[in-house]
Q: 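Just passing along the structure, written as structure tokens.
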Amino acid sequence: MEIDAWITVAVVVSTLAALIGTRISPDIVMVAALTVLMVTGILPVTEALSGLANPGLATVGVLYIVAAGLINTGAAHALGATFLGLPRSAAVAQIRLMLPVAAASGFLNNTPLVAMLVPVVEEWGRRCSISLSKLMIPLSYATILGGTLTLIGTSTNVVVYGLVLEDTTLGPMGFWEIGLVGLPCTIVGLLYMVATQKWLLPERKSPLADFSAAREYAIEMLLQDNSPMIGKSVEAAGLRQLPGAFLAEIERGPTVLPAVAPTEKLQAGDRLLFVGVVDSVAELLRLRGLVPAPEQLFKLNSPRPERRLFEVVVSDNCPVAGHTIRDGQFRTRYNAVVLAVARNGERLRAKIGDIELRAGDTLLLESGPNFLAQQRNSRDFLLVSELQGVTIPRHDRIWVAISVLGVMVGLASTGLLSMFEAALVASGLMLATKCIKPSAARASIDWSVLTVIGASFGIGQALETTGVAQALADFWLDAAGTNPLLALAAVYVFTNIVTEMVSNNAAAVMSFPIAVAAAESLGVSLWPFVVVVMMAASCGFATPIGYQTNLMVYGPGGYRFSDYVRFGLPLNVLVGIVTVLLAPVFWPF
């Protein structure tokens, strides 16, 4: 290899070392590596930045807007509650998540599928009190495995099949044919993940997960007449497992139930008193059919979907201090409604309007977006802050958002539009139907994830153009000798290594001519080699940079590079063994 190749190897090794051994943000590490490759002249600027124009990268970015529309309307929570339920353990949660995801991935591109599901799984994990680090990697891996079930399950299969039709005389491959190997690999992979997750998959709680010293609010919620929770037990409605909150009592007409059993059936008009931290209170506001009980809430000037949540601390100078919230006419004075009150860890169970405010009380308010600007310098409050990332869901648009999602899936799955075009249409519809505001749409895009994915394309291009990838191929094929099964294994290992360092499609394109040459030199059928390239290029589990979906769950799951190696490398080996052994059975040499 020439000097450019050795520099590229040094850059890749340094990048992996930084990702594994430091806590530097992955986007900074990847951009730094790409910068070195450009400055040294190994990659022209156009090639280095070509990943930013990749349709897959653009699709992921647009789908953040679609997912935000689903969250903003409460549709994400509704879909999660319908299909995922409320499991009590991480293993059950993984099974309920991975089975439908793997099945759907056989027909939908896995990258947009993960882009849509990440926010749904985040909310679901919080509601079930299950660490996201136990859910995000299984989500990614299940989509990767599910993509091997059909010929259209992943772009890798489509790319390799195109090469078969263009460069060989093998003829067509059936829609389900790859599933002869893909289904056993999927079954083995799902069983492996469930069986080993307790030991190999980390459980990392958010720094905010310890609620013991957190400020607690008491908030009263009203069950609306059209609530989907009516007739369900407290447990079935998902009100028993709220992280950082608990249902203290139910007021039903003249009757008060102070110790609420999980089997208690909910009725229309129930007034539910919850005690919990601010994040949990914000979670309650996202639930459809459950609204804050204060009647004053509906007398505010601004429409409810445009309102924000604020925390304020009452000062000695506040004219409402020493009066109840009702008598002090808080809503009239500040055009804001008090949803909950926190006082030095004391649990206030009185109705909101009857609470007498004191200096130092922390109030959770709902008001218009101008409240912060109007009150930030007021002497009435010691502190005024807006709760970031918390919006009032537009439940009136929930079916609109679900319909938009259905339109997008229909357009993409029938081939009327590409996935990128379908996502653009869906994001436009989300904005046009006011499922999400333009400002919220812009804020929903995770630019760090897109930066990492875009930079990984450039690094992969350097490995290919400098000949590093070809040198790896020659080494593995020389080691295989003349044994067809060993040659098959060598092609798998090489393709898998490349997909872990570069990308799945690049690995497939680079490995295909090597597979053809190996089959021709041994005088055996090319079909098992084609299948091995498809599977090895798709199944990259051992690094976050090997597959886009792995990168997409990296941040949300709070993972480290070593987590993928520890949990994914054995899965790479398992899938490789199953593939290499079964491919010659269904497609004989």
Q: How many angstroms lie between atom CG of L569 and atom OH of Y564, to the nearest 0.5 angstrom?
A: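 Those atoms lie 15.0 Å apart.
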Q: Is there side-chain contact between M136 and V118, with at least one heavy-atom pair below 4.5 Å?
A: yes
Q: Is S140 reaching over with its side chain to a backbone N or O of N550, donor-acceptor style, under 3.5 angstrom?
A: yes
Q: Which atom pair, heavy atoms only, marks the closest approach of P319 to R333?
A: CG-NH1, 3.5 Å
Q: Can you name the nearest heavy-atom pair linking V575 to C539, along with the distance?
A: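 That closest heavy-atom pairing would be CG1-SG, 3.8 Å.
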Q: Atom CD1 of I144 and atom OG1 of T148: how far apart are they, to the nearest 0.5 Å?
A: 10.0 Å
Q: CD of E251 to CG of L272: how many Å apart, nearest 0.5 Å?
A: 10.0 Å
Q: What closest approach, in Å, do V384 and F371 show between heavy atoms, and which atom pair accounts for it?
A: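 Closest approach of V384 to F371, heavy atoms only: CG1-CE2, 3.9 Å.
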Q: Flag the pair F381 / Y334 as yes when their ring centroid distance falls below 6.0 Å, and as no otherwise.
A: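 F381 vs Y334: aromatic centres under 6.0 Å.
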Q: I'd like to know whether CG of D316 has more than 12 heavy-atom contacts from other residues, nucleotides or ligands below 6.0 angstrom.
A: no
Q: Not counting sequence neighbours, which residues clear side chain to side chain contact (heavy atoms under 4.5 Å, CB included) with L574? List them please.
A: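 In terms of side chain to side chain contact (heavy atoms under 4.5 Å, CB included), with neighbours along the sequence ignored, L574 is linked to V188, Y192.
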Q: How long is the straight-line distance from CD of Q197 back to CD of E203, given to the nearest 0.5 Å?
A: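 E203 CD to Q197 CD: 8.5 Å, rounded to 0.5 Å.
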Q: Do P570 and T196 come close enough that some side-chain heavy atom pair is under 4.5 Å?
A: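 Not touching, per the 4.5 Å side-chain cut-off.
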Q: Of all residues at least two apart in sequence or in a different chain, which pass the side chain to side chain contact (heavy atoms under 4.5 Å, CB included) check with Q374?
A: N370
Q: Show your working on side chain to side chain contact (heavy atoms under 4.5 Å, CB included) between L239 and F274 and close with a plain yes or no.
A: CA-CA 9 Å; L239 301 180; F274 292 90; 4.2 Å; yes
Q: Has the side chain of R308 got a donor or acceptor atom that lies under 3.5 Å from a matching backbone atom of P369?
A: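 Side chain of R308 to backbone of P369: no pair is present.
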Q: Does any part of the side chain of I250, heavy atoms only, come nearer than 4.5 Å to the side chain of L266, both counted from C-beta?
A: yes
Q: I'd like to know if D563 pairs up with R560 as an ion pair, taking the criterion as any Lys NZ or Arg NE/NH1/NH2 lying under 4.0 Å from an Asp or Glu carboxylate oxygen.
A: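 The answer is no: the pair does not qualify as a salt bridge.
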Q: Measuring from T186:OG1 to M98:CE, what's the distance to the nearest 0.5 Å?
A: 11.0 Å
Q: Is there a side-chain contact between E122 and L132, using heavy atoms and a 4.5 Å cut-off?
A: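 Yes. Closest side-chain heavy atoms under 4.5 Å.
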Q: Quick one: list whatever passes side chain to side chain contact (heavy atoms under 4.5 Å, CB included) with R326, sequence neighbours left out.
A: T324, D354
Q: How many angstroms lie between CZ in R252 and CD in Q267, if you round to the nearest 0.5 Å?
A: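 Atom-to-atom, R252:CZ and Q267:CD are 4.0 Å apart.
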Q: Would you say the side chain of M193 lies within less than 4.5 Å of the side chain of F567, judging by non-hydrogen atoms?
A: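 They are in contact (side-chain heavy atoms under 4.5 Å apart), so the answer is yes.
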Q: Do T362 and Y217 have side chains that get closer than 4.5 Å, going by heavy atoms?
A: yes
Q: Between L431 and I436, is any pair of side-chain heavy atoms under 4.5 Å apart?
A: yes
Q: I'd like to know if the side chain of K134 reaches the main chain of L201, judged simply by a donor and an acceptor atom lying under 3.5 Å from each other, with no hydrogens or angles considered.
A: yes
Q: May I ask you to test the L190-V194 pair for a side-chain heavy-atom distance under 4.5 Å?
A: no
